[in-house]
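First comes the structure, then the notes that go with it.
Residue numbering restarts at 1 for every chain, and letters A, B, ... go by the order of the sequence lines. Note: hydrogens, waters and symmetry copies are ignored here, and every other heavy atom, side chains too, is used.
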Amino acid sequence: MSSTAPLVWIGTAAIVAAVLQLRRAWALPRRSAVQNGIGWTLMLAGTALALAGDGAWGVAVASLGGMIVAALLLAHAGWTARPGKGRASARKAHMLPEKGEPRQIGRRLLTFLLSVPLAFAASLLVALGARALAGLAGWNDADGNAMALLLLPLLWGILAFWLLMQTHRRAQWAWLAAPAATGLGLIWIGGAL
Amino acid sequence: MTLAFSKDSVQRALSAHAAIGLLASALLYLICLTGSVVVFYQEWQRIEQPGAPEMAAIDPDAVQRAVVAVLATEKGKPATTHLYVHMPVDGLPRTTITTDHQAFHVDADGRIAGPEENAWSEFLLGAHYALNIPGLVGMTIVGIFGVMILALALSGVVAHPRIFRDAFRLRVRDSHGIGLADWHNRLSVWTLPFSLAMALTGAMIGLGVVGAYGLAAAFYKNDVEAAYAPIFGDEAKPDPNPAPLATVAAPLAWIATQHPQVRPTYVILHDPGTRGQHVQIVAEHPRRLIYGETYEFGADGSYHGKVGLSDGHMGQQLAASTYNLHFGNYGGLLVKLAYLLFGLALTVVVATGTSIWLGKRQRRGLREPRLRAGWDGVIWGVPLALTLTFLARIVIGNGAPMIAIFWTLTVAIPLLTMIIRPEPRPKRLLQRLLVAAVVASMAAATAGVVAV
């Protein structure tokens, strides 16, 4: 890293300063939008500087600097923490049935099927739909294919989470069907089907 | 910063977080732990085989001699389709030639020095990359776990409305689960950029083939190679008719004069000794996340162009950056140490997640000693199994059945703790065994180094 661009070092310093500022801001007795804003602005500015200095490599290096400083601050917080008398949470996660509760294995299995294999299928269709749309827009195949490969896991993760957040089964089906149909339509319009 | 989610959303996010976390927990823990350790893949190889010849650089003519020498040992075997020369780099200053059948270290003069013996490093990489499952199935499964980390990160942030506001509180001396929850939440927040980057790049790598099959089915008449070709370049058509061996020295010399700022990491000779043979040189570009640029040459050493991973389409640069960003080999030892630290932090986050869930159940009056013992068996059993596998490599040698040893122990330890010794908790016993195994491994490895 001997010939690292100066902007990367300045960006790293800004991100480190952002972490320190956020620590100060979040420790205030009352929430301050200005103090929080300074922290986040420094974070954004640091990222932009590192990006301008050495591209994605610069951002990766600068963000590591911020995370290391945060780890040191945490280590200090842990080292100086005093024994407390607070009680830990016992709130239910509703993952397994408690004594006397019905097991609802069928319902749980269906939730798994919706959020894992079916969410994967829907995400794949959306990713391929986006690739078809990119083709229609005149993108190069390299850009379109890489975008599809990036979108597949990203959409799957988001969709799986979102499906588990729904309170009704019908909403889950709708959130699966809408993106899947859209993706399929785009693939068809793109001429791949 | 307090995120404004409704109470109902927070509760549902907690349920989602617990559901995904528990579904993934043991294997996710294993993937994170092996991922942290495999950051030092190059260094492990040096520990495994300390006597292999090392060099800062190698002369192109010496590489040519080495290629000729290695191919000469393969007379009578089926012709190799790909010959790889690993060029000396800072993390692994060795020249190693790998064919379809064997791998040799060579010295700085291009003479064969002996077989490559890095079975532990390969086992470790295989455990992280594909849970040691051959073919594409294992990689795909690991990719799915990357997706799960993404979903866990999202649900975790929504399930804990004060997670950013409390980002600097760490009440390690609080009992009754507060300390454990603080470790989980703080490490999660501060490793969030790292975790998201690891999850997304890991999932892209793992699910890449599945995605490529989808692309091939939709746009390339089921030709998977054609789906990859716009990004990584396409394979030339083979012509099996015999021809004099291609020069690899000329392309290396060309790179040294035309692109002195880049560093060749691999020379790939396709279909050596045939009329279809051609040479690719993969070269690292300084201060870039891409694993390298691929420079293409004919059998006579003539330059045919480059694939464009360094300056081609954005998609090419993005795809070529996933590997280094995931494995942390883009900034020398400092970045590797940071990756080890954050990788272990992510491992702790996964481990404490299930422990927190078990603790909450215990506080609600549910007594589950076997479940608790089984999780102790995972948390301490997996690193114990990993250490004992390394010890077996050092003591037995390169041929030790490492996959069998590791997976037998990884499955047996939690099961045995659940069945035979759920109480008193096996945690302390397993911790002591782990310390003993680490000390024994270090002693054995040091003795191995000294013996050389």
Does any heavy atom of chain A fall under 4.5 Å from the side chain of B:Phe194, the backbone, both, or neither of them? both
Given that the side chain runs from C-beta out, which part of A:Ala127 has a heavy atom under 4.5 Å from chain B: side chain, backbone, both or neither? neither
Does any heavy atom of chain B fall under 4.5 Å from the side chain of A:Trp79, the backbone, both, or neither of them? backbone
Just how far is it from atom CG of B:Leu341 to atom CD1 of A:Ile68, taken to the nearest 0.5 Å? 7.0 Å
Do B:Ile290 and A:Trp57 have side chains that approach each other closer than 4.5 Å (heavy atoms only, starting at C-beta)? no
So does B:Phe232 have more than 12 non-hydrogen atoms from other groups sitting under 6.0 Å from CZ? yes
Counting heavy-atom pairs under 4.5 Å to chain B, which of A:Leu128, A:Val19, A:Leu151 comes out on top? A:Leu128
Is A:Thr167 close to chain B through its backbone or its side chain, or both, or neither, when contacts mean heavy atoms under 4.5 Å? both
Measure the CG-CD distance between A:Asn145 and B:Gln316 for me, rounded to the nearest 0.5 Å. 10.5 Å
Between atom NE2 of B:His313 and atom CG of A:Asp143, what is the distance when rounded to the nearest 0.5 Å? 6.0 Å
Can you tell me how far apart CG (B:Leu289) and CG (A:Asp54) are? Round to the nearest 0.5 Å. 9.5 Å
Quick check: does any side chain N or O of B:Arg12 sit under 3.5 Å from a backbone N or O of A:Met165, one acting as donor and the other as acceptor? yes
Which of A:Ala75, A:Ala160, A:Ala60 touches chain B most, by non-hydrogen pairs under 4.5 Å: A:Ala60
When you measure from the side chain of A:Asp141 to the backbone of B:Pro230, do you find a donor-acceptor pair of N or O atoms at a distance under 3.5 Å? no
Part of A:Leu28 lying under 4.5 Å from any heavy atom of chain B: backbone
Heavy-atom distance under 4.5 Å to chain A: side chain of B:Leu325, backbone, both or neither? side chain
pair B:Leu150-A:Phe161: side-chain heavy atoms closer than 4.5 Å: no
With only heavy atoms counted, which part of A:Leu154 is less than 4.5 Å from chain B, the side chain, the backbone, both or neither? both
Is it the backbone or the side chain of B:Arg288 that comes under 4.5 Å from a heavy atom of chain A, or both, or neither? backbone
Ignoring hydrogens and angles, tell me if any N or O in the side chain of A:Trp156 forms a donor-acceptor pair with the backbone of B:Val147 under 3.5 Å. no
Atom CD1 in B:Ile20, atom CZ in A:Phe112: separation rounded to 0.5 Å? 11.5 Å
Below 4.5 Å from any heavy atom of chain B, which atoms of A:Val8 appear? Answer side chain, backbone, both or neither. neither
So which part of B:Thr191 gets closer than 4.5 Å to some heavy atom of chain A, the side chain, the backbone, both or neither? backbone
Geometric class of the B:Phe168/A:Trp26 ring pair [parallel <30°, tilted 30-60°, perpendicular >60°]: tilted
Whatever's closer than 4.5 Å to a heavy atom in chain A on B:Leu215 counts as both
Between B:Asp182, B:Leu196, B:Leu207, which has the largest tally of heavy atom pairs under 4.5 Å with chain A? B:Leu207
Looking at A:Ala142, A:Ala146, A:Gly55, A:Gly157, which has the largest count of heavy-atom pairs under 4.5 Å with chain B? A:Ala142
Name the region of B:Ser321, side chain, backbone, both or neither, that has any atom closer than 4.5 Å to a heavy atom of chain A. neither
Residue part contacting chain B, namely of A:Leu149, when any heavy atom lies under 4.5 Å: both
Let's test your reading of the structure: which of A:Gly78, A:Ala27, A:Ala77, A:Ser115 forms the most heavy-atom pairs below 4.5 Å with chain B? A:Gly78
Could you have a look at B:Leu200, B:Leu318, B:Leu180 and say which one has the most heavy-atom pairs with chain A under 4.5 angstrom? B:Leu200
If you tally heavy-atom pairs under 4.5 Å between each of A:Leu150, A:Ile158, A:Leu152, A:Thr111 and chain B, the highest tally belongs to A:Leu150
Please flag which part of A:Met67 lies under 4.5 Å from any non-hydrogen atom of chain B: side chain, backbone, both or neither. both
Given that the side chain runs from C-beta out, which part of B:Ala167 has a heavy atom under 4.5 Å from chain A: side chain, backbone, both or neither? both
Decide yes or no for A:Val61 and B:Tyr330: does some side-chain heavy atom of the first lie under 4.5 Å from some side-chain heavy atom of the second? yes
Measure B:Asp8 against the heavy atoms of chain A and call it side chain, backbone, both or neither at under 4.5 Å. side chain
